[in-house]
Amino acid sequence: MEGLGVLEEMGELTRRGEAFALATVVWRQSPSSSQPGSRAIITAEGELRGWIGGACAEPVVIREAQQVMADGTARLLLLGTPEQFGAAVPDGMRVIPISCQSEGALEVYIEPVLPVPHLVIVGDSPMARTLASLAGTLGWRADLIRGPDFTAGSAGERSMIVVATQGRDDEDVLERAVAARPAYLGLVGSRRRGATVLGYLADRGVPQDQLDRVRVPAGLDLGRTTHQEIAVAILAELVQLRASGALAGTTLTGTGAPAARQEAVDPVCGMTVVTGSSRPVRYEGADYYFCCAGCRQAFEQDPDAYAKRETRC
């Protein structure tokens, strides 16, 4: 995958609300196999899609990209030996020594692309329109949907749903909303009305554990308020829950701790390699992994020269 393929994949991941990182080569030193402008997508699971360089660069870029997603902060990497850059390395750049047979070097910019919060508001009242407008001001993706047009497919597990149908088919709309299993589900209405709706759904066989997740009434309790203030109270509750980490999949910044990857250090060149990407060499009860055939051959010719080195990350 390269060029337009990377852009199309970015669009698809964004549409699905999945976090990923975009790595772009901004400089290279020959004979590196990459070129300025080469790009790759790294998923939260550590899968690289695109082209960023060979076996020396990819494991480092994947590891750093996962950390970028966890932190929510972009970083610029210089991949090569420090001697290749000397005193010209600017502050703020992260230098990661790599030892490649090609003796090339790369400068790679990695930026996180994190999903924006998705709020689905079901209803067509002034309060619903105000809530959609306020959410848009925060940069959220806000969908305002009429009750008859809402389906379980209108939202996903990372979405937040606010049902504001004001007594018009509340039960049917809420049942469809429960089926979407969103990160947040709130019903606008009084506690008495909410108890009636939830009781009706329980009688229809909707599992109680799903009904227990419905917040009634939606929003912070501000007492007697106007319709506009109700919108503010709902948005305030959503912001509070997201900031506290109470809504799975809707965190404010990064994706949390990067996914665990089994890695080892090539005992010949010192490169970090993913253990599942190559066949190990077994020597004196230990497995050794290599970034390329040349390092493997060097080890096999004189294993004692390398086996005593620290090989695990």
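Keep in mind that the numbers below use all heavy atoms, side chains included, and drop hydrogens, waters and symmetry copies. Sequential numbering from 1 along the given sequence is applied to the chain's residues.
Residues I121 and I145 fail the side-chain proximity criterion, which asks for heavy atoms closer than 4.5 Å. Taking 4.5 Å as the limit, some side-chain heavy atom of V61 sits within range of a side-chain heavy atom of L79. Looking at D143 and L119, their side chains never come closer than 4.5 Å, going by heavy atoms from C-beta outward. Taking the side chain as every heavy atom from C-beta outward, Y109 and M93 never approach each other to under 4.5 Å.
Between the side chain of R49 and the backbone N or O of I42 there is no donor-acceptor pair closer than 3.5 Å. In terms of modelled atom types and a separation under 3.5 Å, the side chain of R176 and the main chain of F150 share a donor-acceptor contact. With hydrogens and angles ignored, the 3.5 Å screen pairs a side-chain donor or acceptor of R282 with a backbone N or O of G285.
With sequence neighbours left out, R146 forms a side-chain hydrogen bond (donor to acceptor under 3.5 Å, both in side chains) with D149. Remark: S38 engages V25, S34, Q35, W51 in a side-chain contact (heavy atoms from CB on, under 4.5 Å) (not counting sequence neighbours). Residues passing the salt bridge (Lys or Arg N to Asp or Glu O under 4.0 Å) test with R193, sequence neighbours excluded: D170, E171.
Residue-environment remark: CZ (R16) exceeds the threshold of 12 foreign heavy atoms within 6.0 Å.
The pair R28-E107 fails the salt-bridge criterion, with no side-chain N (NZ, NE, NH1 or NH2) lying under 4.0 Å from an Asp/Glu carboxylate O. For R158 and E18, the salt-bridge test fails: no basic side-chain N is under 4.0 Å from an acidic carboxylate O. At a threshold of 4.0 Å, the pair R215-E237 counts as salt-bridged, since one of the basic side-chain nitrogens sits closer than that to a carboxylate oxygen.
Side chain to side chain, E300 and Y283 fail the donor-acceptor criterion of an N or O pair below 3.5 Å.
Taking OG1 from T24 and CD1 from I52, the interatomic distance works out to 6.5 Å, rounded to the nearest 0.5 Å.
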